[in-house]
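Notes follow once the structure below has been shown.
Whatever order the structure lists them in is the order used to number ligands and atoms, beginning at 1. Atoms considered below: every heavy atom in the structure, side chains included; atoms not considered: hydrogens, waters and symmetry mates. Computed from a predicted model, the values in this text were never measured in an experiment.
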Amino acid sequence: MASSSKQKWLFACVTLLTIFITGACGIDIFLEWNVAIDSTIKPVSVDQPVITINGMFPGPLINSTTNDFVHVNVFNNLDEPLLFTWNGIQQRLNSWQDGVSGTNCPILPGTNWTYVFQVKDQIGSYSYFPSINFQKAGGGFGPIRVNNRIVIAVPFPKPEAEFDLLIGDWFSNDYKETRIIMDTSLTADDAVPDVMLMNGKGPHGHQMSKTYESFTVTKGKTYRFRISNVGSVFSFNFRIQNHKMVLVETEGSYTNQITLDSLDVHVGQSYSVLVTADQDDADYYMVASPKWFNTYDSSSLVGVGVLHYSNSNSQVSGPLPSGPDPFDVEFSMNQAKSVRWNLTTGAARPNPQGTFNVTNVTLSQNFLLQGSKGEINGKRRYVVNNVSYLTVDTPLKLADQFVNGSGVYQLDWFPTNSVNTEAEYGVSVSTGIHKGWIELVFINKLDVIDCWHLDGFGFHVVGFGNGDWTPESRTTYNLFDPVVRSTVQVYPGGWTAVYAFLDNPGMWNLRSQSLKNWYLGQELYIRVHNDDPNPAKERPPPGNLLLCGIFGDSDAPGSEPAPASWTGL
Ligand SMILES: *[C@@H]1O[C@H](CO)[C@@H](O)[C@H](O)[C@H]1NC(C)=O
Ligand SMILES: *[C@@H]1O[C@H](CO)[C@@H](O)[C@H](O)[C@H]1NC(C)=O
Ligand SMILES: *[C@@H]1O[C@H](CO)[C@@H](O)[C@H](O)[C@H]1NC(C)=O
Ligand SMILES: *[C@@H]1O[C@H](CO)[C@@H](O)[C@H](O)[C@H]1NC(C)=O
Ligand SMILES: *[C@@H]1O[C@H](CO)[C@@H](O)[C@H](O)[C@H]1NC(C)=O
Ligand SMILES: *[C@@H]1O[C@H](CO)[C@@H](O)[C@H](O)[C@H]1NC(C)=O
Ligand SMILES: *[C@@H]1O[C@H](CO)[C@@H](O)[C@H](O)[C@H]1NC(C)=O
């Protein structure tokens, strides 16, 4: 079924192609990933298991172009179930490929499963990572690029080269140990990472580091750095000694180009900056220091890499370039507000980004989502509106498809506008009105920065504020040129407001990107349903659909095949 509808799709593409010769159709990209544990990689000078892909840490680049079809055949050679999610890839009409616990059965150890998804109508910089079992803290993450089709101009001159720069905090023990601490300890949330890695390498000059990350540039040339925060806990401030950065893109949106001394990147976010090698031939520090945390230059939690000029004969020297006070919310929030959508440039489509704007939209829903900590049955949990998400064995998407949710989740049980007076577990699934605009207000009652992400859609980031959100806060929104992105930070004691247009039917994960918050319950699902059964509206389950939970275990030896009425295959 999946393949025949794809053939139709391709046929439609070919027809379009011959009519417009625009190159609107993607190509197929086939990837084979062997996911395994490697204890010899040693990002820092201790023995620890690291999740590698084809022996690599970080994992390989997925280098795609708008509308390409990406096939990733994942061989799980870990000793536990695995899923990958494609952070920011919208999986149009196809939440079957989203790779979170609510959409997919995990890939069991010793088995393989092939994701097939189209990077439809998107451009930009993203990352992928394992989505279950706290595995992201063990590695398995990597960069995704979606390049412009050649017919659509990029709004800046072609850089000399592009570099992927994945930066993130890292625990120097076994991720399974950290996971146990998270699960059992009442103070689990106090677990602090040990080191900041750049592309899997420790800080330059630090005794813990075997090696450090370095980029070679030629004086006079301009480079694009695609920076992602792949960490678990910390936002960071990124800067390069003596160099300015021009911000050009974030998670699929071209921004108004602004020149920065430093850039805050929060967990799960991606940015592109242009850096011109306009200084003397020498080596320069690249620094990523944690936000909302007191540290010092020689701490292993300050990531340090090197920008190396090809004709440089000197080593990096001097103090590290200083950044803003890590606790300065005003700096960070003002920078966030200055990240605006370039309304006049085309992105995935030739028409300007600004033709799809929120200047005058009518909202059909409003969710107020308050993130905090709670205690349930003597365990520390993270909650949204005092509900900690309970991960169930049956993916919600399967339950939705085959039994209308029955026995797995109760639709709209979750309080979307109020806070439970008792902290409790729940399988939170809320209706999102198909083709309606939703306003999501994230309220952060934690004393650290939180970061929220919705699969399936872009956030139009309309407002940030301190203190309580009230309906009057709407008068401060930027409805003119809010940037569109997939992940947004929420400052401690503050709020962030976004709009999303729910034109993508499916079961969509809304989560904290902060790994421990996510793992300990800051998560829910938005079910966007279109009654129209036409598979051109929402894709049917893929031919290789895995079953699990109440539908049986398609991989378990001797298991009953699922009744045809369930699978519809
Ligand atoms: C990525 O793909 C683009 C378009 O096909 C190509 O120009 C570029 O060289 C590729 N980059 C890498 C690093 O493979
Ligand atoms: C597993 O890998 C084999 C060999 O590459 C492939 O033919 C098969 O389709 C894969 N299975 C799934 C479920 O993707
Ligand atoms: C917006 O993009 C256009 C190209 O479409 C570019 O010429 C212009 O400089 C950009 N505007 C800003 C403020 O960056
Ligand atoms: C927003 O979109 C509307 C409708 O397409 C258009 O009339 C308006 O000019 C756009 N606003 C901006 C700021 O581009
Ligand atoms: C925007 O909405 C206002 C009412 O709030 C209306 O008067 C105006 O005509 C609308 N403009 C456009 C371009 O739709
Ligand atoms: C599916 O469940 C919802 C409630 O969750 C109910 O309103 C709807 O009528 C059910 N649909 C069918 C076809 O049973
Ligand atoms: C959340 O639940 C706890 C009890 O479990 C309660 O003490 C707390 O007041 C609740 N939070 C809110 C904001 O009502």
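For E375, no nitrogen or oxygen atom sits less than 3.5 Å from a nitrogen or oxygen atom of ligand 7, counting backbone and side chain alike. At under 3.5 Å, a nitrogen or oxygen of Q257, whether backbone or side chain, sits near a nitrogen or oxygen of ligand 3. Close N/O approach between Q370 and ligand 7 is not found [any backbone or side-chain N/O within under 3.5 Å].
Interface atoms of ligand 7 facing A423, defined by a heavy-atom separation under 4.0 Å, are 1 (C), 2 (O), 3 (C), 4 (C), 5 (O). Near P155, meaning under 4.0 Å from any of its heavy atoms, are these atoms of ligand 3: 2 (O), 4 (C). Counting the atoms of ligand 7 from 1 in the order shown, those under 4.0 Å from a heavy atom of E422 are 2 (O), 4 (C), 5 (O). Taking a cut-off of under 4.0 Å to the non-hydrogen atoms of T344, the atoms of ligand 3 that pass are 1 (C), 2 (O), 3 (C).
At a heavy-atom distance under 4.0 Å, only side-chain atoms of V419, from C-beta outward, approach ligand 7. The part of N420 lying near ligand 7 is the backbone, judged by heavy-atom distances below 4.0 Å. The side chain of N342, and not its backbone, has at least one atom closer than 4.0 Å to an atom of ligand 3 (non-hydrogen atoms only; side chain from C-beta on).
Judged purely by atom type and a 3.5 angstrom limit, W86 uses its side chain to pair as donor or acceptor with the backbone of Q97. Judged purely by atom type and a 3.5 angstrom limit, S388 uses its side chain to pair as donor or acceptor with the backbone of Y382.
Put simply, the side chain of Y491 reaches to within 4.5 Å of the side chain of M333, judged on heavy atoms. For the pair Y271 and S125, the minimum side-chain heavy-atom distance is 4.5 Å or more. When side chains are defined from C-beta on, P324 counts as touching N237, because their heavy atoms get closer than 4.5 Å.
A salt bridge does not link K120 with D68: every distance from a Lys NZ or Arg NE/NH1/NH2 to an Asp or Glu carboxylate oxygen is 4.0 Å or more. Contact check on R381 versus D183 returns a salt bridge, with a Lys/Arg side-chain nitrogen under 4.0 Å from an Asp/Glu carboxylate oxygen.
Relative orientation of the Y254 and F156 rings is perpendicular, given thresholds of 30° and 60° on the angle between their planes.
Annotation: cation-pi geometry not satisfied between K219 and Y309 (NZ/CZ under 6.0 angstrom from ring centroid, within 45° of ring axis).
Contacts of ligand 1 (protein heavy-atom distance under 4.0 Å) are L61, N63, R145, N147.
Checked against the 6.0 Å centroid criterion, the rings of F442 and W469 do not qualify as a close aromatic pair.
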